[in-house]
2 protein chains.
Amino acid sequence: MQRPTIADIARQAGVSKGAVSFALNGRPGVSEATRARILRVAEEINWRPHSAARALGGARADAVGLVIARPARTLGVEPFFARLLSGLQAEFSSQSIALHLMIVEDTRAEIEIYRSWVSERRVDGLMLIDLKVRDPRIAVVEQLKIPAVVVGGPGRHGRVSSVWADDRAAMLSAVEYLAVLGHTRIAHVSGLPEFQHTQRRSRALRDAATRLTLPRARSLHTDFSDAQGAAATRKLLAGAGRPTAIIYDSDLMAVAGLGVALEMGVAVPHDLSIISFDDSVLAQLTHPSLTALSRDTYRFGVQAAQAMMAVLADPTKTKNHKTETPRLIARESTSPTRS
Amino acid sequence: MQRPTIADIARQAGVSKGAVSFALNGRPGVSEATRARILRVAEEINWRPHSAARALGGARADAVGLVIARPARTLGVEPFFARLLSGLQAEFSSQSIALHLMIVEDTRAEIEIYRSWVSERRVDGLMLIDLKVRDPRIAVVEQLKIPAVVVGGPGRHGRVSSVWADDRAAMLSAVEYLAVLGHTRIAHVSGLPEFQHTQRRSRALRDAATRLTLPRARSLHTDFSDAQGAAATRKLLAGAGRPTAIIYDSDLMAVAGLGVALEMGVAVPHDLSIISFDDSVLAQLTHPSLTALSRDTYRFGVQAAQAMMAVLADPTKTKNHKTETPRLIARESTSPTRS
DNA sequence: CGGCAATGATAAACCGGTCTAGTGAACGGA
DNA sequence: TCCGTTCACTAGACCGGTTTATCATTGCCG
């Protein structure tokens, strides 16, 4: 027999299709004895539900969609995504929810995918990442009426749930740490300026600079690539009154910056302290190892997945879930100023 | 109207459901005039196919499955997967094929997922990675009669297509390069011994050692983690008659090994040459930068995806597709021996 | 002009589940 | 004893497509 169906179960157990459906889904309508018999038969003939048939009846797709809008080719170098993905997956797979993944070029394409996935009922919910200032996706998911979770909020995202970390507090802790070490000329090599998390960090630096009266505190924007991270570093170190400390928005850029410093004969941490806003083996394997704002990105993914499952369970309840604030881990790349 | 269906199109265009289906799928059975009218109506009311309904009729799921059987937590650090994934995605998305992704703990769980995805008709094909010696998955996919592509073959995998690179030739080129530089004591820090690619590399080293009469050529197995890579390095460098060159199976382990060497006062490349079997920014950002066997992993992913689409188009045609052999890129971590 | 094939279209079955309305039997209370 | 309720279960509609069998019309050929 090719691929047993509930009709086969029904025949063998001597009941109707409906009864089988009730039994298999744990709903009332059958006696315990019958239920047990049906389950036994199902087990025996190795029956599996046909997801399409289920979905057709309006049931869940048991899949969540994630679209990443960055050039596919550059994605591989960013450890953050892989770790986030791992965390999401670990949690989702515990509920047998698969991840529908797609990498596209830009937000327009991303929105197109959302529309088709939703109207084709491929996914039950969407995870939005890299939220931008005035992000058009928010309006789209609200219009599509599909459960969504913003990873890396919160921002202006109406009634959509979000999971976020306090970038502001993290940045402040890094700046204060540097200030205590005697640094007054602090620079920030950031990511894309249109991202909300980039803006939060840059603003936090500005505010801290005002409060602690640090002159020359500045943010240089990049596209997160190691090349632009290196270029920004070169620019900072070449100028007069160069910074004594640089905070990088990713470990990849921090490592690239470290390379530039060595190349230019700027000793780390003696002449320049370096802090990475993201931690990974990468930051730990360099010499000197990098002081970093560390958080458990895997766990962040797990929490994002949990938030999604909460929204799936009750779409009316939206919630902003704040996760652990990245903590500063002091390593070898920071030291007091020499003066 | 909530979610237009082909019945709506049929009504508005004044034809039957069947005619609409023919028109939308570009099959014969309707005149050009009618077809055009139907397509126009479909466009107008913004109709999208309901993937579940399609699948129920036995059609394609337009998704390909990929299960990675490694501890989710450690996955994020391996740049290889992210790049492979990017390449796969880029190619698949050009055909609107989504990737169904799941990360599990072991091969048993992986096989379970295969069974359920196939019987639930969630995917049209499966990508198998990290092929092991006598891998049980081969028998499973053959039994399930689902199109599959082995990424990183070829091995004993019957009539299943594969996409692979010539690890043996790559390893030989690395060993020969080192031999020319005067190295005779060459070690290899490899990955998990049960993987076929690990075995091919280890065997290539042994063969080269015999041919070039290199004593003490040996492979040390690890689990691919930076910790075990470091431990293996420490063991190698602590012993008497330590190697003058080490080849690492991944850039992550190579970087970890580099750190251990620096820590132990072994100068790279002066006292020790290092080659990484995998290239990425990681290898380029260290100091000294790492000589590496480089290949375009993104492209590898693209080719794997193409192989999958070929099998989907005609499941009877299986093929072993050999991709570019990793080429040695000399950087700063290798030099002639001092003697 | 008759027979036959090709064309364009329709109606209905079908895929494998879910779910609702309905049925018969057992049970309980007055 | 009789009615109402609950329980266990059945029959069949339904979801939104695809596909097959069927049919009418037209055109072509001998």
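Order of the sequence lines sets the chain letters (A, B, ...), proteins ahead of strands, with each chain counted from 1.
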Rounding to a whole Å, what distance do you find between A:R48:CZ and C:dG17:P? 12 Å
Within the structure, does a side-chain N or O atom of [X] lie under 4.0 Å from either OP1 or OP2 of [N]?
| X | N | value |
| --- | --- | --- |
| A:S21 | C:dT18 | yes |
| A:R54 | C:dT18 | yes |
| B:S16 | C:dT10 | yes |
| A:W47 | C:dG17 | yes |
| B:T5 | D:dG16 | no |

Pull out every residue in residues 25-35 of chain A that has a heavy atom closer than 4.0 Å to any atom of DNA chain C, ordered by number, or say none. A:N25, A:R27
Rounding to 10°, can you tell me the angle the first-five-pair axis of the helix from C:dC1-D:dG30 to C:dA30-D:dT1 makes with its last-five-pair axis? 40°
By nearest-heavy-atom nucleotide on DNA chain D, the more 5' of B:A19 and B:H50 is B:H50
With a 3.5 Å cut-off and just heavy-atom distances, do the side chain of B:K17 and the base of D:dG16 make a donor-acceptor pair? no
Are A:D135 and A:R137 ion-paired here, with the side-chain N under 4.0 Å from a carboxylate O? yes
Please work out if A:V15 contacts a base, only the sugar-phosphate, or nothing of the nucleic acid, heavy-atom cut-off 4.0 Å. sugar-phosphate
One pair to check against side-chain contact (heavy atoms from CB on, under 4.5 Å): B:Y114 and B:L128. What are the steps and the verdict? CA-CA 10 Å; B:Y114 285 165; B:L128 310 190; 2.9 Å; yes
Using only atom types and a distance under 3.5 Å, with no angle test, would you say the side chain of B:T34 pairs donor to acceptor with the backbone of B:V30? no
